[in-house]
Amino acid sequence: MECKLLDSTRVCLGRSCLNRFSRCRVDAVKFSNQFCSSRGMLIKASYSTTRKSKQSIDWVGQDNFTVANDSPWIIGTNGIILSPSLVESTVLDYSEDKYDGVVIDPDRLPSNPKAFASILRASLSHWRLKGKKGIWLKLPVERSELVPIAVKEGFEYHHAERQYLMLTYWIPQGPSLLPDNASHHVGIGGFVINDQDEVLVVQEKYCPPACVGLWKLPTGYILESEEIYTGAVREVEEETGIDTEFVEVIAFRHALSVAFEKSDLFFICMLRPLSTKIKVDDQEIQAAKWMPLAEFVEQPLIKEDNMFYKIIEMCIARLGKRYCGLVSHRVVSKFDGKTSSLYYNVADSQDSICQGS
């Protein structure tokens, strides 16, 4: 068996040693420049957070670690007592967040599951001694074999995306103070009307039986890291081929437990058409057209639905300049130094005509 260690400084706790700087043999395996002890165990010596290499580390030991009654010493299952300085060399690569938590580097995880299990236990003991709080472990989909190991050690699912699973571990006593997973989906609907008072409407290819034949506004979901106004323009273009520009948010709806026990925010956006030729997205849309506003409002499903009818009333009021929607303004907050969009209305004080007109 060959011991693969990437650092020039190595530690070997072997069965037979000559001296600190001599060659050392453990079951016919040779090591040089190693510190040696009388018990059989191998420990990687430098697993620091400052390393730039993205190579995986091959962990050759299989010992478990425990902390004895809040002692600063950590005891291996083979009876070896390790000092904190030595144990720190067996800690997973990580960075610290501003809440005194730990974010484990997903690109520096041990390649061997048994190695991961041992070093994860040692890492948790180390972080507990250092008073750390929340631990974040992001496991890429190609490392899914590590999930049951982390769960066995007490990690909990936090959220999942296509390419990874995020798990968390809360060290202090009491309930976890880590933020929960995202609680809402964000959807948009585009109200697009031309100079002939015609509304851009679609019929969806896949819809509930009650909505078959209904002409509705183009709708969709906001993408990750996408602005509301950008998503509205994108969805209308994808479904109908019509280019638009954002005018205002007319209103938004908040509904609870819509899908997968998540709540839903739905923003109705007024958009100004920049083109007229319709090109239907045949993957999702059955048909699309410009429909006279009066005809659109008279559809039974629109008239009978209090929410949608109210939305159309507000859109019509906006066209008549009797209502002001919310315009997007780019602002920078000193709390985080980031630029974000703040939506609010600005009306002319003399005639109450929205500046977004």
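Nothing fancy with the numbering, it's 1 onward along the sequence.
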Step-by-step side chain to side chain contact (heavy atoms under 4.5 Å, CB included) determination, Gln283 to Tyr206: CA-CA 10 Å; Gln283 294 291 322; Tyr206 309 102; over 6 Å; no
Side chain to side chain contact (heavy atoms under 4.5 Å, CB included) between Cys207 and Val212, intermediate numbers included: CA-CA 7 Å; Cys207 62; Val212 173; 4.1 Å; yes
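With values rounded to the nearest 0.5 angstrom, Arg143 atom CZ is found 10.5 Å from Leu137 atom CG. Note: Lys279 NZ to Ile285 CD1 = 14.5 Å, rounded to the nearest 0.5 Å. Note that CZ of Phe155 is 5.0 Å distant from CG of Leu124, once rounded to the nearest 0.5 Å. Between Glu295 atom CD and Ile302 atom CD1 the span is 12.0 Å, to the nearest 0.5 Å.
By the 30° and 60° cut-offs, the orientation of the rings of Phe246 relative to Tyr229 is tilted. Between His158 and Trp136, the ring planes are perpendicular. Angles over 60° get that label, and only those under 30° would be called parallel.
Considering all non-hydrogen atoms of both residues, Pro273 and Thr244 come closest at CA-CG2, 4.1 Å. For Ala232 against Ile188, the heavy-atom pair with the smallest separation is CA-CD1, 3.5 Å. Residue Arg318 comes nearest to Ile250 through the heavy atom pair CG-CD1, 3.8 Å, listed as atom of the first residue, atom of the second, then distance. Between Ile119 and Pro110, the shortest heavy-atom contact is CG2-CG, 3.6 Å.
Tested against Ile135 for a side-chain contact (heavy atoms from CB on, under 4.5 Å), the candidates Leu120, Ile104, Leu178, Leu167 yield a single pass: Ile104. Remark: of the listed residues Val201, Ile193, Val192, Val199, Val192 is the sole one forming a side-chain contact (heavy atoms from CB on, under 4.5 Å) with Trp290.
A heavy-atom distance below 4.5 Å is not found between the side chains of Ile228 and Phe252. Inter-residue side-chain proximity for Ser340 and Val331 is flagged as met; some heavy-atom pair is nearer than 4.5 Å.
In terms of modelled atom types and a separation under 3.5 Å, the side chain of Lys262 and the main chain of Ala182 share a donor-acceptor contact. In terms of modelled atom types and a separation under 3.5 Å, the side chain of Glu239 and the main chain of Val202 share no donor-acceptor contact. Of the possible polar contacts, none joining the Ser275 side chain to the Lys277 backbone as a donor-acceptor pair under 3.5 Å is found. Judged by distance alone, with hydrogens and angles left aside, the side-chain atoms of Ser123 form a donor-acceptor pair with the main-chain N or O of Leu92 at under 3.5 Å. With Gln203 contributing its side chain and Gly213 its backbone, the two residues share a donor-acceptor pair below 3.5 Å.
Side-chain atoms of Arg330 and Ser341 form a donor-acceptor pair, as typed in the model, at a separation below 3.5 Å.
Salt bridge Lys310/Glu313: present, at least one basic N to carboxylate O contact under 4.0 Å. A salt bridge between Asp282 and Lys205 is absent, with no side-chain N of the basic residue lying under 4.0 Å from a carboxylate O of the acidic one.
The six-membered or imidazole ring of Tyr94 lies near that of Trp127, with a centre-to-centre distance under 6.0 Å.
Neither Val258 nor Met307 shares a network with the other; the hydrophobic side chains, linked directly or stepwise wherever heavy atoms of I, L, V, M, F, W or Y lie under 4.5 Å apart, form separate groups for each.
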